[in-house]
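Data first, discussion second: the structure below is written as structure tokens.
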Amino acid sequence: MKNYTQVYVNNSLEAAAHYCDAFGAEITRAFPSDDGTAYLHCELSVNGEGFLALAEAKERLDVAAIHRMRWETMTFNVFEMGSEEAVRHALDVLSRGGVVLEPIHAMPWSSCCATVIDRYGVCWWVSI
């Protein structure tokens, strides 16, 4: 059995490229809408392993409200990223247009981690 997450976002084409940049991922499977303006379904992989699926949200998301209220309805934990540089890069990319909830810091279980809600309203915890 396998399990990985899927997010529903506005601007799914842009979001897929954004997440590829943040995590060094690649699009390994994609089903665009008939007009080519969105993904009905898109799968991202890192080093050949499924990492994240995404699709266009059926309704507009109020990302400004999510940022203002700092809502964390679900957090995607990305860990064992390999280096502090990888964590810093992910945080830099994900924080563009987003809200940093916790800047890079150390915890008893991680020497380098941070939490951010990105510009699509998705909350990420990134860690070495």
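- In this structure, Ala22 and Val93 approach most closely via the heavy-atom pair CB-CG1, 3.8 Å.
- Closest non-hydrogen pair, Tyr39 versus Ser12, comes out as N-OG, 2.8 Å.
- Put simply, the side chain of His67 never gets that close to the backbone of Asp62: no donor and acceptor are under 3.5 Å apart.
- The backbone N or O of Ile128 sits nowhere less than 3.5 Å from a side-chain atom of Glu80 that would complete a donor-acceptor pair.
- The same ILVMFWY cluster, assembled from side-chain heavy atoms under 4.5 Å apart, contains both Val9 and Leu94.
- Side chain to side chain, Glu49 and Tyr4 fail the donor-acceptor criterion of an N or O pair below 3.5 Å.
- Here the side chain of His105 pairs a donor or acceptor atom with the backbone of Pro103 at under 3.5 angstrom.
- When atom types are taken as modelled, the side chain of His89 and the backbone of Asp21 share a donor-acceptor pair closer than 3.5 angstrom.
- Rounded to the nearest 0.5 Å, atoms CG (Asp34) and CG (Leu40) are 7.0 Å apart.
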Kindly determine whether Thr28 and Leu44 satisfy side-chain contact (heavy atoms from CB on, under 4.5 Å), including the steps that lead there. CA-CA 6 Å; Thr28 50; Leu44 307 181; 6.0 Å; no
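- Listed for the Asn10 side chain is a donor-acceptor partner under 3.5 Å among the backbone atoms of Leu61.
- Taking the six-membered ring where tryptophan is involved, the planes of Trp124 and Phe23 are tilted, since the angle between them lies from 30° to 60°.
- Here CD of Glu43 is found 7.0 Å from CZ of Phe31. Values are rounded to the nearest 0.5 Å.
- Ser95 places no side-chain N or O within 3.5 Å of a backbone atom of Gly98 that could act as its donor or acceptor partner.
- The cluster map of Ile, Leu, Val, Met, Phe, Trp and Tyr, joined by side-chain heavy atoms under 4.5 Å apart, puts Val99 and Val78 in different clusters.
- Of the inter-residue distances, the one linking His41 atom NE2 with Leu54 atom CG reads 8.5 Å to the nearest 0.5 angstrom.
- Minimum interatomic distance between Asn11 and Glu56 (heavy atoms only, all atoms of both residues): N-OE2, 3.1 Å.
- Interatomic distance, Cys20 SG to Leu52 CG, rounded to the nearest 0.5 Å: 9.0 Å.
- Classification of Arg96 and Asp92 as a salt-bridged pair holds, one side-chain N sitting under 4.0 Å from a carboxylate O.
- In plain terms, the two heavy atoms of Ala16 and Ile27 that are nearest each other are CB-CD1, 4.1 Å.
- Scanning both residues, Val100 and Arg70, for their nearest heavy atoms gives O-NH2, 3.5 Å.
- Hydrophobic clustering of Ile, Leu, Val, Met, Phe, Trp and Tyr side chains at less than 4.5 Å, counting indirect connections, keeps Tyr8 apart from Phe51.
- Side-chain contact between Cys112 and Val126 is absent, with no heavy atoms from C-beta onward closer than 4.5 Å.
- Each of Val87 and Phe79 belongs to its own hydrophobic cluster when Ile, Leu, Val, Met, Phe, Trp and Tyr are linked at side-chain heavy-atom distances under 4.5 angstrom.
- Counting heavy-atom neighbours within 6.0 Å of Phe76 CZ, excluding the residue itself, gives a total above 12.
- Remark: Asn47 engages no residue in a side-chain contact (heavy atoms from CB on, under 4.5 Å) (not counting sequence neighbours).
- Rounded to the nearest 0.5 Å, atoms CH2 (Trp125) and SG (Cys113) are 5.0 Å apart.
- Heavy-atom contacts from other residues, nucleotides or ligands closer than 6.0 Å to CD of Glu85 number 12 or fewer.
- At most 12 heavy atoms of other shown residues, nucleotides or ligands fall within 6.0 angstrom of atom CE in Met74.
- Remark: Leu91 CG to Met81 CE distance equals 9.5 Å, nearest 0.5 Å.
- Ser45 places no side-chain N or O within 3.5 Å of a backbone atom of Glu26 that could act as its donor or acceptor partner.
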